[in-house]
Amino acid sequence: MDNRALSNIVNILWLIPLLPLLAAAGLALAPRLKKKWASSVAVSALSLSCVLSVAAFATTLRNEADGESKPPTSTVEWFKMGKTSLQIGCVLDPLTAVMSVMVTFVGALIFLFSIGYMANDERYTRFFCYLSFFAAAMLGIVISNSLLLLFICWELVGVASYLLIGFWAHKPSAADAAKKAFITTRIGDIGFFIGMLWLSSASGTLLFYDGGNGCLETDALNSLGAQVTFFGLALSTAITLFILWGAIGKSGQLPLHVWLPDAMEGPTPVSALIHAATMVAAGVFLMARLYPLMDASGTGDAVDHASISGSLTAATWIGSLTALFGALIAVAQTDIKRILAYSTVSQLGYMILGLGTGGPAVAMFHLITHAFFKALLFLGAGSVIHGCHDEQDIRRMGGLKKSMPITFATYAIGMLALSGFPLLFSGFWSKDAILHSTHAWSLSQLPFLFALASVFLTAFYMSRQMAYVFFGGNRLMTDPGHSPAKPHESPAIMTWPLIVLAAGAMLLGFLGTPAFPAFQNYLEGETVSLSISALFHVEALTVMILSSVIAIGGMAVGWWLYHESRFNPAKLKDPLRRMLPRYFTLAENRFFVDECYEVTVLRWSKFTGTVAELVDRQVFSRVVRFTVWVVLGVAWATRFTDEHLVNAGFDRSCQGLRRSSSLLAKIQSGHIQTYLKIVGASLVIIALVAVFLDRLWTVSRSSPSWLSFLWLEEAYSGAAVPHGTPIDQPSWALESVCWPWWAPSF
């Protein structure tokens, strides 16, 4: 392994999401930028990210096969609280490399297609701003070496999807679809958040790889797999079940699939980006990243199944049921994009099924091939809508193979790849790998039967769609409710991405055949091998033949029922409606899942909201008002006491002190003349008092009232006055009582 090259690449890996993020920021600050410059900035940024991704991918290809080697990482400390340090960073392993190449390459083609598709939109610059932000958030998920950083980017993907699905917010249906997608995925994200917190508490870290201390490394896996929690589940299983709930919401699995078909209300390039390269792939990628933790309580071999973890078992059943459910609904839809949307639900079910039964290599192989042919189909549908003047109902189309030959040829390739047409198309090999691993699943063969039924239904509804759209007579020009304008082929800026994606939809499958499993070997860190004999292994050959027969049978039945020689949509009802009216009504109305949510979850939410509002208004509001009155009363009493008692008394004391101070201040003027005047006045007063007292003494001696002083002397001394004591000789006691101590003696 070239350690220096790997180290250099991983240290600049953060540039891959940063470039489209900077493009989004620049376009947000310049919303009136010319259309040509806006699209150039967005496409150039993602193209540079694609170059860096290819360089990272090429570096990992030179890695010597060593399944036990640890992937190179680049980690930085985000922030520190006390002794707790939160670290984030990047990791470069085959999973990161192949996913980043897919997101940037397919995303760049979708960006190019958008130049033509959105050419007449008034908010053209803002659209490319949102697209760049979406791509940056998804690339942040891909390169993350921390579950915390992955969760942050996961939420940013949700924000970007809200902005793009509701881009045409003047349409009420688009605004409602955006809210529905955002709220539904948040319900799943609650589980993800709980699982992340639990994992952090149990392992002490959210880094995937950290020199042996990461949560996906041996010590942590052994510890988490050995601990038992509620219902006898291993701790690793309980944690990954919560995180799986988040993946179910993001990847549109039962029962949180309801947002994904409604996401078609956004512009078609948005649908292609969500359903092929980003968002819905994030859930599968998350579980592929955490697969060692999911399998921590098992044997580590998902094929032998001597001991299968509960989270892998749950993924298997959820994936198989979703694959069948999505296909059952798609057969009765009439909106060209909604058919593909339910097809995405079904194919995501295949990926989760492959993850549960075969591991990340099987699931990721189908994710990569699906990204190409599903992006091709959505962009092809966008080309059809563009050429048919915004018409999306397949019943009003027909005969487009002549007026739109490039779109028809590339769409046919995508249809065959999705249907699993044998040998020549990538969808056959990736779907066959899932069928093979599911067939080998030891717990039950029912998921395998569900998957086979989905193969038949997928081939059937895609043949039905092709017959409606591209064959028969053109109904757009004869429909009285629409403009008689003739359909036309899309411009080259829209058709060239279709051609490139069509090539990928055909060629990628040959990198994952049983004879040459290059993709699986690369993802698992093994040496690439070529074994022709593996192609003719009894079990592999049996599954291949069975899936081929079923896929061809589904296409044959669809072609037989909807071929123009037997069926004219302008005059006849849908053949499936005539044959199975009850089933068709159920499928057409999506098995009334939304209505069930309406009468259960939503009604209960409205009821609890009403009760909460009533309790709040009748109980808590009155308690609050009473408390307010009590507090106001106490405050009023306190204010009255403070202002009229405390403050009044204090103010009067202060006023008296102020007057006294003023008087003393006037006396203490510092003038000697004033002091002499005061002394002179004081001597005069003392002299007058002395004269007055002397006069009073003289008068009192000659007055009969002198006897009262004797009584005072008796009272003061406590002794009776002796009989015969002269009254003109007062005792010292009388003198001390009647004469101040400071007065002079006479």
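Residues: numbered from 1 along the sequence shown. Just so you know, these numbers come straight off a predicted model, no measurement behind them.
Every pair tested for side-chain hydrogen bond (donor to acceptor under 3.5 Å, both in side chains) that includes a residue from residues 450-459 fails, sequence neighbours excluded, so the list is empty. Sorted by first and then second residue, the side-chain hydrogen bond (donor to acceptor under 3.5 Å, both in side chains) pairs with a member in residues 239-251 read Thr240-Ser311; sequence neighbours excluded.
In this view, Thr369 and Phe365, His366, Phe373, Ser426, Ser430, Leu508 satisfy the side-chain contact (heavy atoms from CB on, under 4.5 Å) rule, not counting sequence neighbours. Checked against salt bridge (Lys or Arg N to Asp or Glu O under 4.0 Å), Asp93 has the following partners two or more places apart in sequence or in another chain: Arg289. Phe151 is linked by a ring pair (Phe, Tyr, Trp, His ring centres under 6.0 Å) to Phe192, Phe193, counting only residues two or more places apart in sequence or in another chain. Listed by chain and residue number, Ser533 satisfy the side chain to side chain donor-acceptor pair (under 3.5 Å) test with Ser531 (two or more places apart in sequence, or in another chain).
Donor-acceptor pairing under 3.5 Å is lacking for the side chains of Lys431 and Ser547. Looking only at atom types and distance, the side chain of Gln227 has a donor-acceptor partner in the side chain of Ser223 under 3.5 Å away.
The shortest non-hydrogen separation linking Gly140 to Pro17 is N-CB, 3.8 Å.
Taking the six-membered ring for Trp and the full ring otherwise, Phe57 and Tyr522 have centroids separated by under 6.0 Å.
We find the OG1-CG distance between Thr344 and Leu418 to be 8.5 Å, quoted to the nearest 0.5 Å. Once rounded to the nearest 0.5 Å, the distance linking CD1 of Ile239 with CG of Leu233 reads 11.5 Å.
Between Phe378 and His275, the ring planes lie tilted relative to each other; the angle falls in the 30° to 60° range.
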